[in-house]
Amino acid sequence: MRVTTHNTAETIELGKRFVRGLRGGEVVLLIGDLGAGKTTFVKGVAKALGVKRTVTSPTFVLMKVYEVKSQKSKVKSPSNPCSPALSPAPPRCAVKNLVHIDTYRGLSIADLENVGALEYFGRNDTICFVEWGEGLEDYLRARKIRTTVVKIKNIDSETREIII
Ligand SMILES: Nc1ncnc2c1ncn2[C@@H]1O[C@H](COP(=O)(O)OP(=O)(O)O)[C@@H](O)[C@H]1O
Ligand SMILES: [Mg+2]
């Protein structure tokens, strides 16, 4: 899917809509230059998930974890969450954490491990967003973690092309 947004609010709105296609356990790799709108997109995601805190860039802390308060969002969740005994299918539990990672200063698996990020990847109760995360694709594929790539391209000061 290819979408053009014409201002910040439209990218936030797209982030909100994007959440509807998630079910928990995904790692979303956000690709795009500095100032493209990666963090802005996550702000929309957070809003749709009912995150109360303001989302700010995790560039200097590597990772921020936001508690998902209420599922106003449309993340599909079953009526019997997190109960493997009830279903032979993989359990799908309600999303509890939004994890926002920014590897702008250099992608290092050791650094991700140190902040506890690796433990969140692929967890059914967690959705992870990784800015500058393209280098993680092989790592995630090898571990069979569902991965989605979102590319954001600067067209002009307010126009962005977003490919999902
Ligand atoms: N269409 C748009 N989509 C997203 N951000 C936009 C758009 N137009 C202008 N902006 C501005 O561009 C900047 C994007 O910043 P940010 O989301 O932090 O980028 P990144 O995380 O990719 O470095 C913000 O100041 C935002 O208001
Ligand atoms: Mg950012």
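Here, residue 1 is the first one in the sequence, and each next residue gets the next number. Whatever order the structure lists them in is the order used to number ligands and atoms, beginning at 1.
The closest approach between any non-hydrogen atom of D33 and ligand 1 is below 4.0 Å. At least one heavy atom of R160 lies less than 4.0 angstrom from ligand 1. Put simply, part of G35 is less than 4.0 Å from ligand 1, judged by heavy atoms.
Few gaps surround CD on E134; more than 12 heavy atoms of other groups in view lie less than 6.0 Å from it. Atom NZ of K153 has 12 or fewer heavy atoms from other residues, nucleotides or ligands within 6.0 Å.
For ligand 1, the atoms closer than 4.0 angstrom to any heavy atom of K38 are 17 (O), 19 (O), 20 (P), 21 (O), 22 (O), 23 (O). The ligand atoms of ligand 1 that sit less than 4.0 angstrom from a heavy atom of S157 are 8 (N), 9 (C). Under a 4.0 Å criterion applied to the non-hydrogen atoms of L34, ligand 1 contributes the atoms 23 (O). The ligand atoms of ligand 1 that sit less than 4.0 angstrom from a heavy atom of T40 are 4 (C), 5 (N), 14 (C), 15 (O), 16 (P), 17 (O). Contact atoms of ligand 1 toward E158: 1 (N), 2 (C), 7 (C), 8 (N), 9 (C) (distance under 4.0 Å to a heavy atom of the residue). Every atom of ligand 1 with a heavy atom of A36 under 4.0 Å away is listed here by number and element: 4 (C), 19 (O), 20 (P), 22 (O).
For ligand 1, none of its N or O atoms has an N or O atom of H6 under 3.5 Å away. For the pair T5 and ligand 1, the shortest N or O to N or O distance falls below 3.5 Å.
Below 30°, between 30° and 60°, or above 60°: for W132 and Y104 the angle between ring planes is between 30° and 60°, a tilted geometry.
Under 4.0 angstrom from ligand 1, there are no non-hydrogen atoms of E10.
Of all heavy-atom pairs spanning G44 and K16, the tightest one is O-CG, 3.2 Å.
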Margin query: What verdict does the side chain to side chain contact (heavy atoms under 4.5 Å, CB included) test give for Y139 and L118, after you've listed the backbone C-alpha separation in whole Å, the side-chain angles of each residue and the deciding distance to 0.1 Å?
Written below: CA-CA 10 Å; Y139 176 91; L118 302 182; 3.6 Å; yes
Note to self: Set out, in order, the CA-CA distance, both residues' side-chain angles and the distance that settles side chain to side chain contact (heavy atoms under 4.5 Å, CB included) for L136 and I109, then state yes or no.
What the structure shows: CA-CA 9 Å; L136 274 177; I109 296 292; 3.7 Å; yes
Notebook entry, point to check: Which is it for T59 and E131 under the side chain to side chain contact (heavy atoms under 4.5 Å, CB included) test, yes or no, and what are the steps along the way?
Noted result: CA-CA 9 Å; T59 306; E131 300 193 25; 5.9 Å; no
Margin query: Please evaluate residues T8 and T40 with respect to the criterion side chain to side chain donor-acceptor pair (under 3.5 Å), reporting the C-alpha separation (whole Å), side-chain torsions for both, the decisive distance (0.1 Å), and the verdict.
Written below: CA-CA 7 Å; T8 306; T40 301; 5.7 Å; no
Next item on the list: Step by step, work out the side chain to side chain contact (heavy atoms under 4.5 Å, CB included) result for I101 and Y120.
Entry: CA-CA 11 Å; I101 294 166; Y120 283 111; over 6 Å; no
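A distance-only check finds a donor-acceptor pair linking the side chain of E26 to the backbone of G24 [under 3.5 Å]. Between the K43 side chain and the V55 main chain, a donor and an acceptor come within less than 3.5 Å of each other.
Excluding waters, the set of protein N/O/S atoms under 2.8 Å from the Mg ion (ligand 2) reads T39 OG1, E131 OE1.
Counting only heavy atoms, the protein never gets under 4.0 Å from atom 25 (O) of ligand 1.
The residue from I155, T8, T11 that puts a heavy atom closest to atom 3 (N) of ligand 1 is T11.
Atom 18 (O) of ligand 1 has T39 CB, 3.6 Å as its closest protein atom, hydrogens excluded (heavy atom only).
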